[in-house]
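Structure record follows, encoded as structure tokens.
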There are 2 protein chains.
Amino acid sequence: MTMKANLLTHAEALARSRGIDAFSYADLAAATGIRKASVHYHFATKADLTLALIEDYAARVADRLNQIEAQSAAASGALRDFLQLYHDALGTGDSLCLCVAFSAATDSLPEASVTRVEAFRNDVTAWLNAQFDRARQDGSVRALSDPAQEAAALFALVEGAQLVARAARNPDRFTDAVAHFSDRLLMGAIQ
Amino acid sequence: MTMKANLLTHAEALARSRGIDAFSYADLAAATGIRKASVHYHFATKADLTLALIEDYAARVADRLNQIEAQSAAASGALRDFLQLYHDALGTGDSLCLCVAFSAATDSLPEASVTRVEAFRNDVTAWLNAQFDRARQDGSVRALSDPAQEAAALFALVEGAQLVARAARNPDRFTDAVAHFSDRLLMGAIQ
DNA sequence: GGATATCTACCTACTAGTTGGTAGATATGA
DNA sequence: TCATATCTACCAACTAGTAGGTAGATATCC
């Protein structure tokens, strides 16, 4: 792995476990074994670093969502995988998805990153919307209402569930919070 | 108002709009017109300040929830007031409820405050649980499942909806995210 | 009543450490 | 030789927190 990729990996882990405000170039230098000035060589400012973080993250999540959509036989299956994805992002309960971490610290983020996070949120919500549209066709979600409404609600639910689970340092809290929604996903023969 | 109360008011506003990490004793001194050392006179350390903040906040919210419960003729009315309370906490979209702000910054909080926030979260969830129990009696919530499950889901939903609305600087996003739940609250003759 | 002592609420001036960021030298490999 | 990647050594600005002092209100004792 290149040092740049290595720095991004460590920065992402730090941002997700501590928050963007709560890690420094010194932390990053210590984690990778190079000097602080060398970190600045790869990411001139912290604004550059946060933007690289969110872009890298958004690309990976987009790939994963496309993959989930392609693999799923019904909307319910895709939504179940989506819940699993956000559950797994918690690790042992000490890590948030980067979007939650960034949303919580909007004020200390440069404008470009704020805009990029907003675009990411919109993309994920649009993906959820598409799944609920599918569900309207395949009938794999019980008691379905308006897809856009469902998408907004589910996105807020998983973000909030992550926050609660991480604060309690217990990933089971995520499962508890989404249980009611999970129950609406039908386990039809096709999935 | 005493200077101590004044400091708490400003500190709460700063914590809710910027986050706990993102305001300093210098900011607080500037906001209240006294010197930094005088802020330390009232709150010796930032740990003391955060604990005072959450205790003050928890007491006020508990009072408000008791009031809501007492005033409501049906569970659906209490839950509607609860949604309104969290909606209003957003202001014009630049402020979170203190619980969300503190949950997002668990790592930079002293242990005592983390514990206090956790207790607050449990209290609010218990209150929601009680409302869903009531709903089981008065039938004012449509498609009701297990009260504990509903409480965990609704709490995560409002926290996530706050995060999304604040990141987008638009309180309407909160309303969108909770719309699906709102629709389940019956507008019976008793409320 | 008047002296003494204590308390509240603030002050100026400081410390030790951290932050993001820079200048310029040096090593490494194509 | 030249670009890439690293280094040492710094900087100004900020952080929470401390030391030591003061004006004025309030209590206590003779």
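First the proteins, then the strands, lettered A, B, ... as listed; each starts at 1.
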From the options [options], select the nucleotide whose nearest atom is closest to the side chain of [X].
| X | options | value |
| --- | --- | --- |
| A:His40 | D:dT4, C:dC10, C:dG21 | C:dG21 |
| A:Ser24 | C:dC10, C:dT19, D:dG17 | C:dT19 |
| A:Ala26 | C:dT19, C:dC10, D:dA16 | C:dT19 |
| B:Ala37 | D:dT18, C:dG21, C:dC10 | D:dT18 |
| A:Lys36 | C:dC11, D:dG17, C:dG20 | C:dG20 |

Do [X] and [Y] sit within salt-bridge range, that is, some charged N less than 4.0 Å from a carboxylate O?
| X | Y | answer |
| --- | --- | --- |
| B:Arg60 | B:Asp63 | no |
| B:Asp107 | A:Arg169 | yes |
| A:Arg184 | A:Glu150 | yes |

Roughly how many Å is it from [atom1] in [X] to [atom2] in [N], rounded to a whole number?
| X | N | atom1 | atom2 | answer |
| --- | --- | --- | --- | --- |
| A:Asp21 | C:dT19 | CG | P | 12 Å |
| B:Lys4 | C:dC10 | NZ | P | 12 Å |
| B:Leu49 | D:dT15 | CG | P | 14 Å |
| A:Leu28 | C:dT18 | CG | P | 17 Å |
| B:Tyr41 | D:dA16 | OH | C1' | 20 Å |
| B:Arg35 | C:dC14 | CZ | C1' | 15 Å |
| A:Asn6 | D:dA5 | CG | C1' | 14 Å |
| A:Met3 | C:dT28 | CE | P | 15 Å |

Sugar-phosphate only, base, or nothing, as touched by [X] at under 4.0 Å among non-hydrogen atoms:
| X | result |
| --- | --- |
| B:Tyr25 | sugar-phosphate |
| A:Ser38 | base |
| A:Phe23 | sugar-phosphate |

Path from B:Leu28 to B:Leu98 over hydrophobic side-chain contacts below 4.5 Å: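 Yes, one cluster joins them.
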
Under-4.0 Å side-chain N/O to phosphate OP1/OP2 contact, B:His42 with C:dT8: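 No, B:His42 has no side-chain N/O under 4.0 Å of OP1/OP2 on C:dT8.
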
Residue that, paired with A:Phe43, satisfies side-chain contact (heavy atoms from CB on, under 4.5 Å) out of A:Leu51, A:Leu53, A:Leu8: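 Of the listed residues A:Leu51, A:Leu53, A:Leu8, the side-chain contact (heavy atoms from CB on, under 4.5 Å) partner of A:Phe43 is A:Leu8.
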
